[in-house]
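These notes concern the structure reproduced below.
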Amino acid sequence: MNWTDAMHFVRGPLFSAALLFFIFGMLYRLVTVIALGWKRDHAPAKSSKVVGGVLNVLRSAIIFPFVPRIREAANRNPITYLAGGIFHVGLFVVVMLGAAHVLAWESVLGFRWPTLPLPIIDFFAAISIIALIVLFYNRLSNPVLRLLTRTPDYINLLVVFLPFLTGFFMTHRLLLPYERIYTIHVLTVDILLIWIPLSRISHFMFYFITKPRHGARFAQRGAKP
Amino acid sequence: MFQNKDDTVYEVLQKRGVSRRDFLKIATITTAVLGLEYTQVGRVIAQLETKPRVPVIWLHFQDCTGCSEAITRSFNPGLASLILNDVSLDYHETLMAAAGHQAEAAKKAIMDANAGSYVLVVEGSIPTGFGMTSIGGRAADDILKEAAAGALAIIAVGNCATFGGIPAAKPNPTNAHGVWDLVKDKPIINVAGCPPIPEVMTNTIAHILVLGTLPELDALNRPKMFYAQTVHDRCVRRGFYDAGLFANSFGDDGYKAGYCLFKLGCKGPTTYNACASLKWNEGTSWPVQAGHPCLGCSEPGFWDAGGFYQGQSALIDVPGLTAAAGAAAVGIAAGVGTAAANAASKHRAEQATPSQVPADDKEKKS
């Protein structure tokens, strides 16, 4: 197998298989997790659970540290807050608004949307890479975090880090010829797709379930989320 | 066509009325295109003056003759004629006047007379399916193997002869292959492209003729002197790519402004060829300059590498709606099954250790 064959393989059959596994795995987890939480409430709700759920989703969208609630969280874990925040913003910008990525989305979804110029994408990719390195260092250096961290958490960081790094190298023509680093880049994405349902990276899906769930639970008990 | 095979290239050119001045021009251009230093012109002249012409046999299989068409439009006509007439193109099904059994007999005679010293050029992919292409009643792969056996080297021209090209694209009904899939014991030079740039074809042959050695090859057996850089690396529109300025559709403002064609499906970043530097038609233009995205025609399997107008980063094989729905259904079913099993085992556990504490309080304690 030469590099061209490898490139066709990772962009073709392997991606296809990874995506199918991703769909399968995410739905499997979604169903099993949802099935855990259906317990009858014996006590009458103190306020509307629906309103509580919606409010909690809206509140969690406010990420600015000048909001008191957020400021407290940010002050408690400034590195996690800042680096984690930068990484998530960077991830969104790079994956959803990069020209090459939008073309990839188009091949899966059938439609495209406007993109941002490469230098901007490049900037966000760079700060995301730095943020991931900071988060990794933080895990190693913070004694509490280090105790909480298990091997899968390091794997999580690695499988997210690799697509960023190879994508950055590809953009800047570093290390390897374009088609090789491109092949490796898509391969890392395929691996990521397979790893997501098996790991906590699946939080991107559960996030939108746990937030209203927490809000509803708070409302039930009459607490302020 | 059938000249004294012991004549040197210069002698043949002289007989055809080429002046000494024109001969020196041909030698100089050849030196330049081969990427040799200016000081090497003398060496090239000496080689052309002393070396006997190299017999070339040009086989056609599943092809469109586009590569032959291209080579006749080489912008260095002296060099093209050198290849076509004077290097002695002894057998070329499109260009030769002879036909039928006589032509086949002549080919056999040339192969026997020049065993081990002729250059075999192959155009078109070779079908290996039973009862596919045959010439003079013989199967294509049989003809190739016979000709390859006595060849000094094989030059596969065009994407079909190198990597299978269009005939080998899915579903490949004739079970077509490139030369290097079938011939393993001879040096093979892949002059890839659809068609290859004429100068790349002529100069690859000239390299063997002048330097007496095979050119340095890359991992896909393509001469490095022409295929070392990607189209993207040397592209006239590269600056627009770096600046993030793209044409979004044919004819839009970005397209008219000459912006990068990446979003129109350009395969330049992964395509190794000399289009951007040598250009076509006497250096007039080349596809991307003329406003069309690169198709990646010098790369293996370029017909099966996604749509020509799909982005370079597009995925080639995406699961259809049915497959996706199937995976989703299996996921949901497996999830429901696991959830039911969880509930059942929990129920069993509760029955085995009956407790007075309500479920909610139990949760708090744990």
Side-chain angles (χ1 to χ4, degrees), chain A residues 2-5 7-17 19-36 39-43 98-109 112 114-122 170-171 173 177-179 182-183 186 197, chain B residues 163 219-220 229-230 232-233 240-246 248 260 262-263 265 268-272 296 299-302 304-307 310-320 323-343 346 358-360 363:
Chain A
N2 55 44
W3 279 98
T4 317
D5 292 340
M7 184 171 75
H8 292 180
F9 178 69
V10 297
R11 285 169 68 197
L14 185 62
F15 173 80
S16 212
L19 185 61
L20 287 176
F21 180 80
F22 173 79
I23 295 170
F24 160 81
M26 290 308 274
L27 280 163
Y28 172 80
R29 294 216 37 204
L30 190 63
V31 170
T32 47
V33 169
I34 287 176
L36 289 175
K39 207 170 280 172
R40 185 185 288 261
D41 283 326
H42 296 288
H101 293 149
V102 170
L103 295 183
W105 281 111
E106 189 190 16
S107 64
V108 178
L109 302 173
R112 67 163 77 161
T115 58
L116 284 175
L118 189 64
I120 296 177
I121 302 296
D122 199 36
M170 182 164 73
T171 310
R173 310 282 177 282
Y178 188 92
E179 81 281 5
Y182 175 37
T183 306
V186 183
Chain B
F163 310 124
L220 294 173
Q229 283 173 317
T230 64
H232 185 68
D233 288 339
F240 294 118
Y241 175 87
D242 289 343
L245 297 171
F246 298 103
N248 281 299
C260 175
F262 183 77
K263 285 190 183 176
T270 51
T271 304
Y272 288 81
E299 295 297 320
F302 81 110
D304 295 326
Q310 247 188 345
Q312 163 86 71
S313 55
L315 298 149
I316 299 170
D317 187 10
V318 178
V330 175
I332 291 170
V336 169
T338 308
N342 283 343
K346 195 176 171 190
D360 250 21
E363 206 176 62

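No experiment lies behind these values; they were computed from the predicted model shown. Every chain is numbered from 1 and lettered A, B, ... according to where its sequence line falls, protein lines coming before strand lines.
- Interface residue L20(A): backbone and side-chain heavy atoms are both found under 4.5 Å from chain B.
- Contacts of D242(B) classified as salt bridge (Lys or Arg N to Asp or Glu O under 4.0 Å), with partners at least two apart in sequence or in another chain: R238(B).
- For a residue to count as touching a neighbouring chain, one of its non-hydrogen atoms must lie under 4.5 Å from one of that chain's; by this rule Y241(B) touches chain A with backbone and side chain alike.
- With hydrogens and angles ignored, the 3.5 Å screen pairs a side-chain donor or acceptor of S313(B) with a backbone N or O of A100(A).
- The backbone N or O of L315(B) sits less than 3.5 Å from a side-chain atom of S107(A), completing a donor-acceptor pair.
- Here P269(B) is the residue among P269(B), G311(B), A328(B) with the most heavy-atom pairs under 4.5 Å with chain A.
- Under the 3.5 Å distance criterion, the side-chain polar atoms of T338(B) are matched with a main-chain donor or acceptor of A334(B).
- For a residue to count as touching a neighbouring chain, one of its non-hydrogen atoms must lie under 4.5 Å from one of that chain's; by this rule A343(B) does not touch chain A.
- With a 4.5 Å cut-off on non-hydrogen atoms, L220(B) touches chain A through its side chain but not through its backbone.
- A distance of 12.5 Å separates NE2 of H232(B) from CD of E179(A), quoted to the nearest 0.5 Å.
- With chain B as partner, the option from V31(A), D122(A), I121(A) having the largest number of non-hydrogen pairs under 4.5 angstrom is V31(A).
- Formation of a donor-acceptor pair under 3.5 Å by the R11(A) side chain with backbone atoms of T183(A) is not found in this model.
- Heavy atoms closer than 4.5 Å to chain A are found in both the backbone and the side chain of Q312(B).
- Residues passing the salt bridge (Lys or Arg N to Asp or Glu O under 4.0 Å) test with E106(A) are R112(A), sequence neighbours excluded.
- In this structure, chain B has a heavy atom under 4.5 Å from the side chain of R173(A), while its backbone stays farther away.
- Rounded to the nearest 0.5 Å, atoms CD1 (I316(B)) and CG (L14(A)) are 11.5 Å apart.
- For chain A, the nearby part of D233(B) is the side chain; its heavy atoms alone come within less than 4.5 Å.
- With chain B as partner, the option from F22(A), W3(A), F15(A), Y28(A) having the largest number of non-hydrogen pairs under 4.5 angstrom is Y28(A).
- Considering only heavy-atom pairs separated by less than 4.5 Å from chain A, the leading option among G244(B), G265(B), A314(B) is A314(B).
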